[in-house]
2 protein chains.
Amino acid sequence: MDAMTVTEITDTRSDTCAGPPQGDRRPDGKDKYTISEVAALTGLTAHTLRWYERIGLMPHIDRSHTGQRRYTNRDLDWLALVGKLRLTGMPVADMVRYAELVRAGDHTYAERFELLKATREDVLARIAELQGTLAVLDRKISFYADAGRALASERA
Amino acid sequence: MDAMTVTEITDTRSDTCAGPPQGDRRPDGKDKYTISEVAALTGLTAHTLRWYERIGLMPHIDRSHTGQRRYTNRDLDWLALVGKLRLTGMPVADMVRYAELVRAGDHTYAERFELLKATREDVLARIAELQGTLAVLDRKISFYADAGRALASERA
DNA sequence: TAGATCCTTGGAGTGCGCTCCAGGCAAGCG
DNA sequence: CGCTTGCCTGGAGCGCACTCCAAGGATCTA
């Protein structure tokens, strides 16, 4: 029974709720994408997708009978999460760490929770930084706008 | 007369209003800092300060009679602006471009204005991205929190 | 005047995140 | 059958933003 709960927590579905549904997906059950399809859907290159796999950032990817990768909707969800985390500036190594925790199973649940909360704080801090920068830019922009008006009235 | 206005616009003072006064500054007129003092004030390394100069990201820096750099408050202001822009992810090459415009004189005024406005839009877009990421993180965090409660009540 | 500490330079090295290459296999098509 | 297209691999290469090194000069404290 403990095992059951645990399985649910670790279920990839739970760990890949990373965004609104992207277009052009196939329904679950028929979700088999080639690497170039995934590249088109995610904006990553096939090179990058293979590289993510090599460094351990991806779960195991299914292969066709000839050895070609076949990605699932679940893989796309994971890539969407990775994309979001990448936007925050999180180092790839940290994302690999998170991927390892997911692979390791349910006993890493608490650690994942902490990692997510820390990331959340980072994101908040980054937003605050950017808002500070925005204030500086706005001051400079209004300075240039005023200077522009002064020049224009002089010329008149 | 046109020349005068122009001089004001180009005046470095106008281009370095980059933030609240940082602590530990000396008053204008006695503002002579060694490279290691600037490193301490800005958090950059002396290496990085010299490198910024080499690539054209800094204006000309005064030298002591023996050739050592002596930074002014104005230089610190410029570095504060550079720091803010760096936080936005602006490439160093773009900052160099801006520095060149400032050095080039008043006729680059319009171009600087456009560059600042474009940067402002970038920053807004980045903030929006981060808020999207924050939403994803919050969903995952609340998922883990719920799962945690479930596990706890099971154990009870 | 010795020794420690700080500063100078040009150029080489580092770490990250890709990005690409060579050489080869497999499937589809006229 | 040959041709094209797409995918496979390990490993090399690249661009960015630093980061450091070696060798030497300047400054400070005792």
Side-chain angles (χ1 to χ4, degrees), chain A residues 32-58 60-72 75-76 78-100 119 122 126 129 133, chain B residues 32-58 60-72 75-76 78-100 119 122 126 129 133:
Chain A
K32 295 285 168 208
Y33 307 88
T34 66
I35 197 167
S36 58
E37 286 170 333
V38 175
L41 287 169
T42 60
L44 299 168
T45 70
H47 291 305
T48 301
L49 289 167
R50 286 190 278 258
W51 179 67
Y52 278 2
E53 205 175 323
R54 259 196 283 183
I55 63 174
L57 185 51
M58 295 296 296
H60 178 76
I61 302 295
D62 285 351
R63 298 298 181 117
S64 72
H65 67 104
T66 56
Q68 298 193 353
R69 288 171 183 80
R70 293 293 178 257
Y71 292 82
T72 64
D75 298 325
L76 292 181
W78 175 255
L79 283 169
L81 173 64
V82 166
K84 289 288 186 192
L85 293 178
R86 207 170 37 132
L87 288 177
T88 71
M90 178 185 279
V92 167
D94 290 4
M95 292 190 257
V96 170
R97 173 79 188 134
Y98 185 75
E100 283 166 354
T119 302
D122 284 356
R126 186 144 320 211
E129 278 176 355
T133 300
Chain B
K32 295 285 168 208
Y33 306 88
T34 67
I35 198 167
S36 60
E37 285 170 334
V38 175
L41 287 168
T42 62
L44 300 167
T45 70
H47 292 304
T48 301
L49 289 168
R50 291 189 199 103
W51 178 67
Y52 278 1
E53 205 174 323
R54 262 196 282 183
I55 63 174
L57 185 52
M58 295 297 293
H60 177 75
I61 303 293
D62 286 350
R63 298 298 181 116
S64 73
H65 67 104
T66 57
Q68 298 192 352
R69 288 171 182 79
R70 292 294 177 256
Y71 292 82
T72 64
D75 298 324
L76 292 182
W78 175 256
L79 283 169
L81 173 63
V82 165
K84 289 289 187 193
L85 293 178
R86 207 171 36 133
L87 287 177
T88 71
M90 178 186 281
V92 166
D94 291 4
M95 292 191 257
V96 169
R97 172 82 189 132
Y98 185 75
E100 283 166 353
T119 302
D122 284 356
R126 186 145 318 214
E129 280 175 352
T133 300

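Proteins get letters first, then strands, A, B, ... in listed order; numbering begins at 1 in each. Remember, it's a predicted structure, so these values are computed and weren't measured experimentally.
The side chain of B/Arg50 has C/dT8 as its nearest neighbour among C/dT19, C/dG17, C/dT8. Checking C/dG17, D/dC18, C/dC6 against the side-chain heavy atoms of B/Ser36 singles out C/dC6 as nearest. With distances taken from any side-chain atom of B/His47 to the nucleotides D/dC7, C/dT19, D/dC20, the minimum falls on D/dC20. Here the side chain of B/Thr45 is nearest to one of D/dT19, D/dA26, C/dC18, namely D/dT19. Here the nucleotide nearest the side chain of A/Val92, chosen from C/dG17, C/dT8, D/dC7, is C/dG17. The nucleotide whose nearest atom lies closest to any side-chain atom of A/Trp51 is, among D/dC7, C/dC18, C/dA27, C/dC18.
Heavy atoms of A/Arg63 sit under 4.0 angstrom from primed sugar atoms or phosphate atoms, though from no base atom. Note on B/Ser64: nothing from the nucleic acid sits closer than 4.0 angstrom, heavy atoms only. The residue B/Arg70 sits apart from the nucleic acid: no heavy atom pair falls under 4.0 Å.
One finds the CE atom of A/Met95 at 7.0 Å from the OG1 atom of A/Thr88 (value rounded to the nearest 0.5 Å). In this structure, the separation between CZ on A/Arg54 and OG1 on A/Thr48 is 10.5 Å, given to the nearest 0.5 Å. In this structure, the separation between CG on A/Leu81 and CZ on A/Arg86 is 11.5 Å, given to the nearest 0.5 Å.
For A/Thr48 and A/His65, each mapped to the nucleotide of DNA chain C holding its nearest heavy atom, the one lying further toward the 5' end belongs to A/Thr48. Residue whose closest nucleotide on DNA chain D sits further toward the 5' end, between B/Arg86 and B/Thr66: B/Arg86.
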A/Asp122 and A/Thr119: CA distance, side-chain angles, deciding distance, side-chain hydrogen bond (donor to acceptor under 3.5 Å, both in side chains) verdict
CA-CA 5 Å; A/Asp122 284 356; A/Thr119 302; 5.4 Å; no

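Between the CD atom of B/Glu53 and the P atom of C/dC7 there is a distance of 14 Å, given to the nearest Å. If you measure from atom CG of B/Leu57 to atom C1' of D/dC16, you get 14 Å, rounded to the nearest angstrom. Rounded to whole angstrom, the span from the CD atom of A/Glu37 across to the C1' atom of D/dC7 amounts to 13 Å. One interatomic measurement links the two molecules: CG of B/Asp94 to P of D/dC16, which rounds to 10 Å at whole-angstrom precision. A straight line from CZ of B/Arg69 to P of D/dG25 spans 17 Å, rounded to a whole angstrom. Going from atom CG of B/Leu49 over to atom C1' of C/dC7 covers 13 Å, rounded to whole Å. B/Ile55 places its CD1 atom 13 Å from the P atom of D/dT19, with the value rounded to the nearest Å. Look at CD on B/Gln68: it is 18 Å from P on D/dG24, rounded to the nearest Å.
A/Val38 pairs with exactly one of A/Leu79, A/Leu44, A/Asp75 by the side-chain contact (heavy atoms from CB on, under 4.5 Å) rule, that one being A/Leu79. Of the candidates B/Arg70, B/Gln68, B/Lys32, B/Lys32 is the only one forming a side-chain hydrogen bond (donor to acceptor under 3.5 Å, both in side chains) with B/Asp62.
For D/dG11, its base sits under 3.5 Å from the side chain of A/Arg54 at one donor and acceptor pair at least.
Look at B/Tyr52 and you won't find any side-chain N or O under 4.0 angstrom from OP1 or OP2 of D/dA17.
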